[in-house]
Amino acid sequence: GDSVTQMEGPVTLSEEAFLTINCTYTATGYPSLFWYVQYPGEGLQLLLKATKADDKGSNKGFEATYRKETTSFHLEKGSVQVSDSAVYFCALTGTGGGNKLTFGTGTQLKVEL
Amino acid sequence: DVKVTQSSRYLVKRTGEKVFLECVQDMDHENMFWYRQDPGLGLRLIYFSYDVKMKEKGDIPEGYSVSREKKERFSLILESASTNQTSMYLCVIRDSNYEQFFGPGTRLTVL
């Protein structure tokens, strides 16, 4: 079945540092890929998405590129802020099973001054 | 956007009790999903429904059942709650454009 693997956290960075959170996936067909963010005490929010190979999703300074050849969708940001501290989830929707979302286990990011 | 309402934000129940968690949408979308979220495990799909009275098992359906009598309402039922069902439960709606909308979650504690 479909699966998503993302790097374990927590990831701790200083403000203005470069961020990469790795995400790789296994799926049949051509899934859509997502990054969700969960701020402390809040629900999940869609951060960005890409629906086909080589698409780049971007939002709030975050970017991720759909790489079919490496089955990856790594999240990057050039300069993180304290307000980016949250848990980040990589996810995909496959081509069957009601197009359900399959999530990674989440990566906690802590940004310090 | 779809508004997704869950019946309770926090719930405390005792082992063996029957528990109902409700999810209501303010639109007419067909696809509704129940997930549980646990630290280190991410979100795991329990059940989903693609129409009234239609349901499919997700990845971890054991110990749960669901009901969808009306299109806007999707209920998750714990027939006999156990401590390992202590978790955050999330309802998700998917619209016709494959956008997903999350409910605020119900944090269930089973004592």
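Numbered from 1 within each chain, the chains take letters A, B, ... in sequence-line order. Just so you know, these numbers come straight off a predicted model, no measurement behind them.
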Proximity of B:F33 and B:F48 rings by center, below 6.0 Å = yes
query = Under the criterion ring-ring contact (aromatic ring centres under 6.0 Å, His included), which of A:F34, A:F62, A:Y39 is the partner of A:Y88?
reply = A:F62
task = Against chain B, label A:L44 side chain, backbone, both or neither, depending on which of its atoms sit under 4.5 Å from a heavy atom there.
result = both
Distance-only polar pair, side chains of B:E79 and B:S65, donor-acceptor under 3.5 Å = yes
inquiry  = Taking A:E63 first and then A:K77, would you say they form a salt bridge - that is, a charged N and a carboxylate O separated by under 4.0 Å?
reply    = no
query = At a heavy-atom separation under 4.5 Å, does B:L41 approach chain A through its side chain, its backbone, both, or neither?
reply = backbone
ask   = Side chain, backbone, both or neither: which part of B:F101 has a non-hydrogen atom closer than 4.5 Å to chain A?
value = neither
request  = Pick one of side chain, backbone, both or neither for B:E30, based on which atoms fall under 4.5 Å of a heavy atom in chain A.
outcome  = neither
